[in-house]
Student: 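One structure, pasted below without further comment.
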Amino acid sequence: MSFIYNFFNSNTTEATPAPQGEKGKFEQSGLFQVGVSNGLMDTVGNTPLIRIKSLSDATGCEVYGKMELMNPGGSAKDRVAKSMILDAEEQGLLRPGSTIVEATAGSTGISLTMLGKSRGYNVELFVPDNVSKEKVELLETLGAKTKIVPVVGMNNAHHFMHCAYQRCLGDKDVFYANQFDNLSNFNAHYQTTAPEIYQQVKGDIDAFVGAAGTGGTIAGISSFLKSKNPEIQCWLIDPPGSGLYNLVNNGVIFDSKDRLVVERLGARSFYEGVGVNRKTENFNKAILDGAFRGTEKEGIDMAHYLLRNDGLFLGGSSALNCVGVVKLARKLGPGKTIVTILCDSGHRYTSRLYCKTWLKDHNFEVDNSNTLDFVL
């Protein structure tokens with residue numbers, strides 16, 4: 001069963017419409033890293049959109065990936081961090097000497113640390129213990145103060161977020177970024193990512209698919225695209241341990257099977273930064289036609305498939321998004337234009353996703369065939 005999951009706020013600022021063009025004739029951004037930028041903040045966004053040849057050829061659709069891994073902090077979270085920091089400054093919540101506090105699985109923390117430091121702020125991060133060691137080491141190298149919080153089962157799945165919130169109580173010099181419910185997150189993607197995509201394909205897009213953690217990316221992009229053309233299909237791809245698939249398709253955040261997965265894997269699987277077990281304020285603004293499930297095995301095989309066939313060295317959430325592309329392409333049929341987000345690179349996942357020892361220890365055997373049969 002599929003339905004439109006729509007909590008869209010009609011008061012959201014409308015972005016400038018992009019020009020229409022002939023089908024199949026797309027243009028590159030042209031603005032990426034051109035000229036002189038006034039500091040790190042001004043280098044965020046205007047990322048390239050690339051055609052993913054192997055997936056396009058295999059599905060008969062035109063498949064495009066938004067290269068968010070080319071932001072200065074290496075992920076789509078740069079847009080969110082920039083938006084939250086600038087909005088907080090405008091509201092007087094960040095002042096000279098302030099400290100930014102956040103609960104993060106890694107990428108948002110990296111972006112907040114880099115951009116926060118560029119504005120003269122301190123950064124303290126509460127990080128769940130299922131985050132790759134590369135991310136934690138990078139956070140500390142960048143200058144963030146980190147606290148690792150154990151995540152075990154359903155009862156304390158969000159404990160690291162509670163810790164961040166408690167840290168901010170009664171301290172006027174601390175700003176709680178709150179990426180899950182801060183609508184600066186949604187606005188960043190509604191006002192920048194989605195219009196860039198729409199302009200890059202000259203309005204010729206049939207579908208978008210992506211995973212969700214905070215929900216800001218999929219909500220911002222789906223809301224913008226639906227405002228341009230309600231017929232554009234927008235779908236979620238959801239990992240093990242997350243309740244969003246069930247929420248979108250059935251209207252309930254959890255069913256008994258999801259609970260069993262969470263008890264076995266913890267609040268999330270090895271996918272970092274995507275999958276969540278509550279409705280966030282950002283996800284509430286998504287406009288979705290349905291949701292797919294994606295397994296850990298599908299994501300692992302997709303990551304290695306894209307590296308072999310396209311030279312794309314991607315993180316787990318990016319690979320999961322591409323699994324969603326294949327599932328959606330099969331559903332819609334050939335001849336469609338489908339866009340997804342390439343969130344970050346594989347450099348942050350070498351101890352897991354690309355580590356032969358880790359894969360073997362967790363009973364994963366990479367499918368080295370050049371077909372997409374591993375996508376179920």
Side-chain angles (χ1 to χ4, degrees), residues 40-41 43-45 47 65-85 100-118 123-144 146 148-149 151 160-161 164 177-180 182 184-186 188-189 192-193 210-221 239 242 267-276 280 282-283 299 303 313-321 340-354:
L40 195 61
M41 279 284 195
T43 67
V44 175
T47 56
K66 183 69 165 158
M67 292 285 283
E68 290 299 282
L69 56 87
M70 296 182 74
N71 278 303
S75 81
K77 295 299 185 179
D78 280 5
R79 296 182 190 263
V80 178
K82 176 180 179 177
S83 181
M84 292 193 298
I85 289 171
I100 300 170
V101 173
E102 182 59 306
T104 173
S107 289
T108 302
I110 291 168
S111 299
L112 281 172
T113 303
M114 290 182 64
L115 297 181
K117 290 289 185 180
S118 78
V123 180
E124 293 184 19
L125 304 173
F126 291 79
V127 182
D129 64 357
N130 59 352
V131 170
S132 67
K133 67 178 183 180
E134 295 98 323
K135 281 187 178 179
V136 176
E137 290 172 354
L138 178 56
L139 290 170
E140 293 174 348
T141 298
L142 293 172
T146 62
I148 309 300
V149 182
V151 177
F160 73 111
M161 287 180 273
N178 191 17
Q179 60 176 320
F180 289 87
N182 185 338
S184 297
N185 182 349
F186 166 86
H189 296 292
T192 68
T193 319
T214 65
T217 305
I218 198 166
I221 294 174
S242 174
R268 295 186 180 92
S269 63
F270 80 90
Y271 292 115
E272 297 174 14
V274 294
V276 69
T280 69
N282 285 289
F283 192 78
F313 187 40
L314 303 175
S317 57
S318 301
L320 180 64
N321 286 350
T340 193
I341 299 294
L342 304 183
C343 316
D344 61 9
S345 79
H347 292 287
R348 297 173 182 174
Y349 307 91
T350 54
S351 67
R352 295 185 182 185
L353 185 56
Y354 296 98

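Throughout, residue positions are numbered sequentially from 1 according to the sequence presented.
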Student: Distance check, rounded to the nearest 0.5 Å: Thr340 atom OG1 versus Ile218 atom CD1?
Tutor: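 The distance works out to 8.5 Å.
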Student: What closest approach, in Å, do Lys82 and Leu115 show between heavy atoms, and which atom pair accounts for it?
Tutor: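 Lys82 and Leu115 have their closest heavy atoms at N-CD1, 3.7 Å.
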Student: What residues form a side-chain contact (heavy atoms from CB on, under 4.5 Å) with Thr113, not counting sequence neighbours?
Tutor: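 side-chain contact (heavy atoms from CB on, under 4.5 Å) list for Thr113, sorted by chain: Lys117, Val123, Leu125, Leu139, Leu142, Ala144.
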Student: Tell me, please, which residues at least two apart from Thr350 pass side-chain hydrogen bond (donor to acceptor under 3.5 Å, both in side chains).
Tutor: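 With sequence neighbours excluded, Thr350 shows a side-chain hydrogen bond (donor to acceptor under 3.5 Å, both in side chains) to Glu134, given in chain and number order.
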Student: In chain order, what residues pass the side-chain contact (heavy atoms from CB on, under 4.5 Å) check against Ala303, with sequence neighbours excluded?
Tutor: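 For Ala303 the side-chain contact (heavy atoms from CB on, under 4.5 Å) partners, ignoring immediate neighbours, are Ala319, Leu353, Tyr354.
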Student: Keeping Thr43 on the side-chain end and Leu40 on the backbone end, is there a donor-acceptor pair under 3.5 Å?
Tutor: yes
Student: With Thr214, which residues qualify under side-chain contact (heavy atoms from CB on, under 4.5 Å), at least two apart?
Tutor: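 side-chain contact (heavy atoms from CB on, under 4.5 Å) list for Thr214, sorted by chain: Lys77, Gln179, Phe180, Asn185.
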Student: Is there a side chain to side chain contact (heavy atoms under 4.5 Å, CB included) between Lys66 and Ile221 once you walk through the steps?
Tutor: CA-CA 12 Å; Lys66 183 69 165 158; Ile221 294 174; over 6 Å; no
Student: Classify the side-chain pair Thr280/Asn282 by whether it contains a donor and acceptor separated by less than 3.5 Å.
Tutor: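 No, no side-chain donor-acceptor pair sits under 3.5 Å.
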Student: Arg348: what forms a salt bridge (charged side-chain N to carboxylate O under 4.0 Å, His left out) with it, not counting sequence neighbours?
Tutor: none
Student: Going through the checks in order, is the side chain to side chain contact (heavy atoms under 4.5 Å, CB included) test met by Cys343 and Ser75?
Tutor: CA-CA 5 Å; Cys343 316; Ser75 81; 5.7 Å; no
Student: Main chain of Asn178, side chain of Glu102: is a donor-acceptor contact present, judged purely on distance under 3.5 Å?
Tutor: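 Checked: pair present.
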Student: For Phe126 versus Pro128, what's the shortest heavy-atom pair and its separation?
Tutor: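 In this case the closest contact between Phe126 and Pro128 is O-CD, 4.1 Å.
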Student: I'd like to check the side-chain hydrogen bond (donor to acceptor under 3.5 Å, both in side chains) partners of Thr146; sequence neighbours left out, ordered by chain and number.
Tutor: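 Thr146 satisfies side-chain hydrogen bond (donor to acceptor under 3.5 Å, both in side chains) with Glu140 only.
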Student: Is it the case that the side chain of Asn321 and the backbone of Ala211 share a donor-acceptor pair, with hydrogens and angles ignored and the cut-off at 3.5 Å?
Tutor: yes
Student: Restricting to side-chain contact (heavy atoms from CB on, under 4.5 Å), what partner residues turn up for Ala103, sequence neighbours left out?
Tutor: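 With neighbours one apart ignored, the set is Phe160, Met161, Ala164.
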Student: Determine, stepwise, if the pair Thr217 / Thr193 fulfils side chain to side chain contact (heavy atoms under 4.5 Å, CB included).
Tutor: CA-CA 8 Å; Thr217 305; Thr193 319; 5.6 Å; no
Student: If I compare all heavy atoms of Ala177 with all of Leu112, which pair ends up nearest, and what's the gap?
Tutor: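 Heavy atoms of Ala177 and Leu112 come nearest at CB-CD1, 4.1 Å.
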Student: Please answer whether the main-chain N or O of Val44 pairs with a side-chain N or O of Asp78 as donor and acceptor at a distance below 3.5 Å.
Tutor: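 Such a contact is absent between Asp78 side chain and Val44 backbone.
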Student: If only atom types and distance count, is the side chain of Ser83 paired as donor or acceptor with the main-chain N or O of Ser184 below 3.5 Å?
Tutor: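 Present.
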Student: Applying side-chain hydrogen bond (donor to acceptor under 3.5 Å, both in side chains), name anything that partners Glu68, two or more places apart in sequence or on another chain.
Tutor: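 Testing Glu68 for side-chain hydrogen bond (donor to acceptor under 3.5 Å, both in side chains), a comparison that skips the adjacent residues, returns Thr47, Asn71, Arg79.
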Student: How would you list, by chain and number, every residue that makes a side-chain hydrogen bond (donor to acceptor under 3.5 Å, both in side chains) with Ser317, sequence neighbours excluded?
Tutor: none
Student: Does Leu69 reach the side chain of Phe313, with side-chain heavy atoms less than 4.5 Å apart?
Tutor: no
